[in-house]
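Please read the structure below before turning to the comments.
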Amino acid sequence: MPLPHDLCSHIQNAFRARHHRISVDHTTKTSAQRRIWATLKYRDEMPVLQSMELISKPSKRIFMDLSEIRRICSGRRVNGIKSLGMGEVAIVKTNDKEHEWLEAREALLMKLPGEVICRAR
C-alpha cells in the first residue's frame, strides 16, 4: 500500500486531470505486486471529492483514542485539529487487520482507536 500522503495527492491529481479511474499499487504479504482500481465519482461535471487534507504527516503522526475521535466527530476541536464539518469524513488507520482503514465514525462504532490520516470533503 502506498504511503498516505502519496495516496492523497494521487487521488487529488486524478480528479484535477478529470480521470475516471485510477490504479493504486498494493503489495501483499507474499510480496506480489497488485493493483487496486478505483472509480472516481463526478456529479454535474464536478468531482464529488472537493479536497483532501493530511492530518497525520510523515514527520508528525497523530494518534487518537476513542474519546478524541468522538470529540472530532461531534464537532469539537482536539489538540489543534479542527472538528469535522458537514459532509466531511476523516480516515483512521487502526491496528485491526480486518478493519485496517476506516472512516472515523465507523472506527468509533467499532471502538477502534488509531492514527487519523486525512480528512476529505
Side-chain angles (χ1 to χ4, degrees):
M1 198 72 183
L3 295 173
H5 58 277
D6 290 336
L7 184 59
C8 286
S9 63
H10 186 67
I11 292 171
Q12 285 187 41
N13 289 340
F15 270 120
R16 287 185 189 115
R18 300 279 188 207
H19 292 302
H20 292 282
R21 293 180 71 198
I22 60 169
S23 67
V24 178
D25 291 331
H26 177 70
T27 305
T28 60
K29 290 180 183 175
T30 60
S31 71
Q33 189 72 19
R34 295 185 184 190
R35 288 187 177 179
I36 298 172
W37 286 91
T39 303
L40 303 178
K41 188 174 179 180
Y42 295 88
R43 179 172 292 145
D44 298 328
E45 300 295 320
M46 295 296 294
V48 172
L49 183 67
Q50 296 295 321
S51 68
M52 290 181 81
E53 175 188 349
L54 279 179
I55 294 175
S56 185
K57 297 180 171 81
S59 61
K60 184 181 179 188
R61 298 175 72 187
I62 306 292
F63 292 92
M64 291 189 180
D65 59 17
L66 289 175
S67 66
E68 292 171 328
I69 293 174
R70 182 177 292 111
R71 286 200 319 240
I72 283 213
C73 291
S74 65
R76 289 177 281 182
R77 180 180 284 258
V78 176
N79 297 334
I81 298 168
K82 315 188 290 190
S83 63
L84 296 178
M86 292 294 290
E88 195 171 28
V89 296
I91 306 300
V92 177
K93 184 177 181 186
T94 67
N95 288 333
D96 187 1
K97 294 299 177 195
E98 188 174 332
H99 306 340
E100 189 172 7
W101 295 87
L102 293 172
E103 196 270 322
R105 290 171 184 92
E106 291 174 343
L108 193 58
L109 288 174
M110 293 182 178
K111 296 182 176 18
L112 294 172
E115 180 181 5
V116 181
I117 302 293
C118 67
R119 64 188 322 132
R121 71 178 150 287

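Worth saying up front: this structure is predicted, and the values here are computed from it rather than measured. Side-chain atoms are counted along with the backbone in the values below, which use heavy atoms only and exclude waters and symmetry mates.
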How does the hydrophobic cluster around V89 look, that is, which other residues are in it when side-chain heavy atoms under 4.5 Å mark a link?
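Hydrophobic cluster check, V89: no partners found.
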[X]: what forms a side-chain contact (heavy atoms from CB on, under 4.5 Å) with it, not counting sequence neighbours?
X	value
K41	R43, V48
E88	L84, R119, R121
T94	V92, D96, L102, L112
C8	M52, L54, C118

Locate the shortest heavy-atom distance separating I22 from A14; write the atom from each residue and the value.
CG2-CB, 3.2 Å
What pair of heavy atoms forms the shortest contact from H10 to S23, and how long is it?
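The pair with the smallest heavy-atom distance is NE2-O, 3.2 Å.
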Would you check, one step at a time, whether the test side-chain contact (heavy atoms from CB on, under 4.5 Å) holds for Y42 with H20?
CA-CA 9 Å; Y42 295 88; H20 292 282; 4.0 Å; yes
Indicate, with yes or no, if L7 and I55 share a hydrophobic cluster defined by side-chain heavy-atom contacts under 4.5 Å among Ile, Leu, Val, Met, Phe, Trp and Tyr.
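No: no chain of side-chain contacts under 4.5 Å links I55 to L7.
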Between M110 and L108, is there shared hydrophobic-cluster membership here, with clusters defined by ILVMFWY side-chain heavy atoms closer than 4.5 Å?
no
Which distance, rounded to the nearest 0.5 Å, do you find between the CD1 of I62 and the CD of E115?
8.5 Å
Spacing of OG belonging to S9 relative to CZ belonging to R16, to within rounding of 0.5 Å:
9.0 Å
Min side-chain heavy-atom separation R21-T39 under 4.5 Å
yes
Side chains of V116 and I72: does their closest heavy-atom pair fall under 4.5 Å?
no
Does any N or O in the side chain of S56 come within less than 3.5 Å of the main-chain N or O of I117, such that one atom is a donor and the other an acceptor?
no
Short side-chain to backbone donor-acceptor contact, H19 and N13, under 3.5 Å
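Absent.
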Name all pairs fulfilling the side chain to side chain donor-acceptor pair (under 3.5 Å) condition that reach into residues 65-87, sequence neighbours left out, sorted by first residue then second.
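Every side chain to side chain donor-acceptor pair (under 3.5 Å) pair that includes a residue of residues 65-87, provided the two are not neighbours, is D65-S67, E68-N79, S74-R76.
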